[in-house]
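Values below: every heavy atom of this structure, side chains too, minus hydrogens, waters and symmetry copies. Reminder, nothing fancy here: chain letters follow the sequence lines and each chain counts from 1.
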Protein chains: 2
Amino acid sequence: MDAVQGDPRSAARPSDACRTRVVLDIVGDKWSLLVVRNLKDGPRRFTELKRAIDGISQRMLTVTLRSLERDGILTRTVHDVMPPHVSYELTEIGVTLREATAPLLEWSVAHLARIDEARAVYDARRDPSMTS
Amino acid sequence: MDAVQGDPRSAARPSDACRTRVVLDIVGDKWSLLVVRNLKDGPRRFTELKRAIDGISQRMLTVTLRSLERDGILTRTVHDVMPPHVSYELTEIGVTLREATAPLLEWSVAHLARIDEARAVYDARRDPSMTS
DNA sequence: CCGTATCCAGATGGATACTG
DNA sequence: CAGTATCCATCTGGATACGG
């Protein structure tokens, strides 16, 4: 809680932790990144998102959208017609966030195979499926 | 589980979810990103990391390091001397991962104020601290 | 010094049923 | 259509104690 004393070569100052925390608080959960990516081509309705994001429950879509709305990543617009019609759209900040996540997504595409391989090697050493 | 049929304009195919999942499985937890960032200047010992990352418990540092090792993000090297000495270092892949996360960190720095503001506005509307 | 083991509280998220 | 409410299983991570 107090200021860092001692040698400053040690890497992380509290603000460092703070920055990573901010990002993870926004997109570190199970669905946020997926929602943000699904809004890349413009506004989408609740049900469209529900169908596009495979496996998400109604509750989690609502929770995720509310959280992103609170953070100013997207806007929620109610069109008061029958039947009810609600659309979600990235804000300017939301667009910049999506762009900032792009390298990470590309990274995962580029290295997915290597990661699977590394995991297999690691697991094989610890759990060699050997008899007795 | 089966192939997507119907109109392809709907944004996310299963592989999309898969990619985001891969990334979040690696750095989506509470400490991984912090550990990766703390290894940016070269190898660090367990205790160095422990002191550098404020608030992390011994258990979580171990768990996080094991996970990153399994994914091929870092290497664990035991120097068999007295007292015991273990050092951790980013692999080539680990370095690329750190680079891929940089935009996201910069994004959080650039937009932190706007996000706080957005949250305050949102909360003020829903919880106006009004009497009855 | 560098862990592992155990226990436990709180957060996360899925299923289901109900509403304007 | 677009939610909300409730309940519950699972996961995450912190505290503590102990071991090589």
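Distances from the side chain of B/K30 to the nucleotides D/dG3, D/dG13, C/dG13 place D/dG13 closest. Of the candidate nucleotides C/dA17, D/dG13, C/dG3, D/dG13 has the atom nearest to the side chain of B/W31. For A/T47, the listed nucleotide lying nearest its side chain is D/dC1; candidates were C/dG3, D/dC1, D/dG14. Of all nucleotides listed (C/dG13, D/dG3, D/dA2), D/dA2 comes nearest to the side chain of A/R45.
Atom CG of B/L24 and atom C1' of D/dC11 are 15 Å apart (whole Å). Rounding to whole angstrom units, CD of residue B/Q58 and P of D/dA15 are separated by 12 Å. With rounding to whole Å, B/R51 atom CZ is found 12 Å from C/dC1 atom C1'. What separates CZ of A/R21 from C1' of D/dG13 is a distance of 12 Å, to the nearest Å.
Using modelled atom types, one side-chain atom of A/T62 and one backbone atom of A/Q58 make a donor-acceptor pair closer than 3.5 Å.
At a cut-off of 3.5 Å, with distance as the only test, no side-chain donor of A/R44 or A/Y88 sits close to an acceptor on the other residue.
Note on B/Y88: a side-chain N or O is less than 4.0 Å away from OP1 or OP2 of C/dG3.
Contacts of B/K50 with the nucleic acid, taken as non-hydrogen atoms under 4.0 Å apart, are absent. Here B/R59 lies in heavy-atom contact (under 4.0 Å) with a base.
Between A/T62 and A/P84, the one whose closest nucleotide on DNA chain D sits nearer the 5' end is A/P84.
The shortest non-hydrogen separation linking A/G72 to A/T91 is O-OG1, 2.7 Å.
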